[in-house]
Asker: 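Just dropping this structure here.
So that the names make sense, note that chain A is the first sequence line, chain B the second, and so on, each numbered from 1.
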Amino acid sequence: MLEIKFIRENIDLVRTKLEERGDAIDLGRFVAMDRKRRDILQEVETLRSERNSVSKEIGARKKNGQDASDIIARMGTVSTRIKELDDALKETEAQLGELTMTIPNIPHESVVRGTGDDDNPVVREWGEKPRFDFDPKAHWDIGEDLNILDFAAGAKITGARFTLYRGAGALLERALVNFMLDLHTTRHGYTEVFTPFMVNSDSMTGTGQLPKFEEDLFKVAGTDYYLIPTAEVPVTNIHRDDILDEKDLPLSYVAYSACFRAEAGSYGKDTRGLIRQHQFNKVEMVKFTKPEESYDQLEKLTANAEEILEKLGIHFRTVSLCTGDLGFSSAKTYDLEAWMPGQDAYREISSCSNFEAFQARRAGIRFRRGESGKIEYVHTLNGSGLAVGRTVVAVLENYQQKDGSVLIPEALKPYMNGIDRIARK
RNA sequence: GGAGAGAUGGCUGAGUGGCCGAAAGCGAUCGCCUGCUAAGCGAUUGUACGCCCCAAAAGGUGUACCGGGGGUUCGAAUCCCCCUCUCUCCGCCA
């Protein structure tokens, strides 16, 4: 959410920036609603002020045994009018709020203009594509041949886009989770948290999933609860409506969670394999920072995610999303794309974003400056560190051998109970 | 699932219709005092929104907020209704 005052005072800038994102928002309607709200507010507050002072006089008169019936009658009509205006105000504020909630964030000045992922500049590459003296297989074939991924069982138990991991496959998933968490907590200074996997609608609104993206979520029938699409939601909402101490910033959290996404609108896309699942595991990093240091922290957070891939020895590139490819809440995003030989493609494995104060405003997350005592919104950031299922894909496809087995990356061996190669039994 | 108790400012805790944005204490900040520390004295100590002023900040002013929502009343922290959460006991349960 952008600050209403900011939109009001920078209407042309906002319009231009939203056009760069490819978003058509009716800012004329915003201006009209905002004007209407303030007009009503002024009138109702004037009446309330009158009522307050007259009510005091009524009290004073009654105390002295004087008659007050004349002004009581007059205030009766004033109160009726206040009630009418209150209703109108509530209606207007609800509409204005709804409109404001659907306006996306403004891209940072360093974000290049573009319309889609073809325009995303590559800012870094690490490693190189592995060479195979055979035709590398896709992970779904590797996984099924090794009997560690069972897509049919997942489909039977639940449905499409659910997968059963078995034996060394299940262990690999768990090993990656622990490897990532350990690196971020012991080397990168993150505090591990473990959160609920369902959250209420206030939390979803705070991070921007609601009200605009409800169709992407799974809702628990008969409740106000939703399955989280990412740990970003519960972790960011840890501090909803908090006023933090400046000396505690930046706060850095890391959380493992299962993630649930409805994937509405992606029918027919990535239907095979682990790439696009309704349920997947992710290790997520979240930071709360002072405004002036959030972009430094974005670089650090991105580097923290990159280090996982480096330690695993997986070739990747880092792209900076252009204005047209940026997510709703984000001011700037780096995507890490891991090389997947079985698919002959780079695939997104992490997304690291600075939301600036966009989420903090929605969620009421602020901090007090030590010097001035002033209260300001924090900046929130998050990034996958990493998407675990896709990391399994990357390991299987990059470390596959001619005989169909898969070597375990050196960094992962301490987590694999002595297994250094997954082979067909 | 059943029965009961509770939710007030950074914290503790008073407050059953007007004098309450809210006593008192604690904490915090600033100042004074004191060889240092401790103690003591004084002042300050919420947030949001609107309007005025303004380049901006500061300032002035109004309104709202005592878990959330609705109602009664000229007037609600206080009375009534609904909801949420917390705690205690019983039942059930991984």
Asker: For residues 367-387 of chain A, pull every pair meeting ring pair (Phe, Tyr, Trp, His ring centres under 6.0 Å), keeping only residues two or more places apart or in separate chains.
Answerer: none
Asker: Would you sort out whether A:E19 and A:R15 count as a salt bridge (charged side-chain N to carboxylate O under 4.0 Å, His left out), showing the intermediate values?
Answerer: CA-CA 6 Å; A:E19 276 166 9; A:R15 185 176 286 118; 5.2 Å; no
Asker: The criterion is salt bridge (charged side-chain N to carboxylate O under 4.0 Å, His left out); which residues satisfy it with A:E246, sequence neighbours excluded?
Answerer: A:K290, A:R369
Asker: For chain A and RNA chain B, what are the first and last nucleotides along the strand, 5' to 3', with at least one atom under 4.0 angstrom from a heavy atom of the protein chain?
Answerer: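 Endpoints of the contacted stretch of RNA chain B: B:G18 to B:G75.
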Asker: Show which side-chain atoms of residues 23-31 of chain A pair as donor or acceptor with protein atoms under 3.5 Å away, not counting sequence neighbours.
Answerer:
from  : atom 1 : to    : atom 2 : distance (Å)
A:D23 : OD2    : A:R21 : NE     : 3.4
A:D26 : OD1    : A:G28 : N      : 3.2
A:D26 : OD1    : A:R29 : N      : 3.2

Asker: 5'-most contact on RNA chain B: A:S53 or A:I243, nearest heavy atom basis?
Answerer: A:I243
Asker: Which residue pairs satisfy the side chain to side chain donor-acceptor pair (under 3.5 Å) criterion with at least one member in residues 168-183 of chain A, sequence neighbours excluded?
Answerer: A:Y165-A:E173, A:E173-A:N281, A:D182-A:Y415
Asker: Under the salt bridge (Lys or Arg N to Asp or Glu O under 4.0 Å) rule, what pairs show up with a residue in residues 88-98 of chain A, not counting sequence neighbours?
Answerer: A:R37-A:E93
Asker: Would you measure the distance from the C1' atom in B:G15 across to the matching atom in B:A76 and give it in whole Å?
Answerer: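 About 13 Å, rounded to a whole number of Å.
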Asker: List the atom pairs, donor and acceptor, that lie under 3.5 Å between side-chain atoms in residues 319-331 of chain A and the rest of the protein, sequence neighbours left out.
Answerer:
from   : atom 1 : to     : atom 2 : distance (Å)
A:T323 : OG1    : A:E20  : O      : 2.9
A:T323 : OG1    : A:G114 : N      : 3.0
A:T323 : OG1    : A:G114 : O      : 3.2
A:D325 : OD2    : A:N120 : ND2    : 2.9
A:S330 : OG     : A:K332 : N      : 3.2
A:S330 : OG     : A:K332 : O      : 3.1
A:S330 : OG     : A:T333 : OG1    : 2.6

Asker: Could you give the distance separating B:G10 and B:U84 at their C1' atoms, to the nearest angstrom?
Answerer: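 Pairwise C1' distance, B:U84 against B:G10, rounds to 24 Å.
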Asker: Listed in order of residue number, which residues of residues 34-52 of chain A have a non-hydrogen atom at under 4.0 Å from RNA chain B?
Answerer: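 Within residues 34-52 of chain A, the residues near RNA chain B are A:R37, A:R38, A:L41, A:Q42, A:E45, A:R48, A:S49, A:R51, A:N52.
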Asker: Scan the side chains in residues 208-216 of chain A for donor-acceptor partners under 3.5 Å anywhere in the protein, sequence neighbours excluded, and list what turns up.
Answerer:
from   : atom 1 : to     : atom 2 : distance (Å)
A:Q209 : OE1    : A:T207 : OG1    : 2.7
A:K212 : NZ     : A:T102 : O      : 3.1
A:E214 : OE2    : A:Y226 : OH     : 2.8

Asker: Ion pair present between A:D150 and A:K156, side-chain N to carboxylate O less than 4.0 angstrom?
Answerer: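 No, no charged N to carboxylate O under 4.0 Å.
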Asker: On a whole-Å scale, what distance lies between the P atoms belonging to B:U44 and B:G60?
Answerer: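 Going atom to atom, P in each nucleotide, I get 14 Å.
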Asker: With rounding to the closest Å, how many angstrom separate the P atoms on B:G71 and B:A77?
Answerer: 15 Å
Asker: Want to settle it: does A:Y225 or A:K56 sit nearer the 5' end of RNA chain B, counting the closest nucleotide to each?
Answerer: A:K56
Asker: Suppose you measure atom C1' in B:U63 against the same atom in B:U72; what distance do you get, rounded to whole Å?
Answerer: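 Those two atoms are separated by 22 Å.
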Asker: Residues in ring pair (Phe, Tyr, Trp, His ring centres under 6.0 Å) with A:H239, at least two apart?
Answerer: A:Y253, A:F288
Asker: Quantified in whole Å, what is the P atom distance between nucleotide B:G67 and nucleotide B:U8?
Answerer: 6 Å
Asker: Hey, does A:R61 reach any base, or is it just sugar-phosphate, or nothing, if we go heavy atoms under 4.0 Å?
Answerer: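 Counting heavy atoms under 4.0 Å across all strands, no contact is made by A:R61.
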Asker: Could you tell me which residues satisfy salt bridge (charged side-chain N to carboxylate O under 4.0 Å, His left out) with A:R51, sequence neighbours excluded, listed by chain and number?
Answerer: none
Asker: Could you measure between the two P atoms, the one in B:A7 and the one in B:C66, and give it in whole Å?
Answerer: 14 Å
Asker: Dot-bracket for RNA chain B, 5' to 3', with Watson-Crick and G-U pairs under 3.5 Å, [ ] for crossing pairs and | for other-strand pairs: what is it?
Answerer: ((((((((.[[[..)..(.....]]]((((((.......))))))(((((((......))))))).[[[[[..)....]]]]])))))))....
Asker: Report which part of the nucleic acid A:I4 touches: base, sugar-phosphate, or nothing (heavy-atom distance under 4.0 Å, all strands).
Answerer: nothing
Asker: If I pick the C1' atom on B:A57 and the same atom on B:G40, what distance separates them, to the nearest angstrom?
Answerer: 38 Å
Asker: Would A:Q359 and A:T380 count as having a side-chain donor-acceptor pair, cut-off 3.5 Å?
Answerer: yes
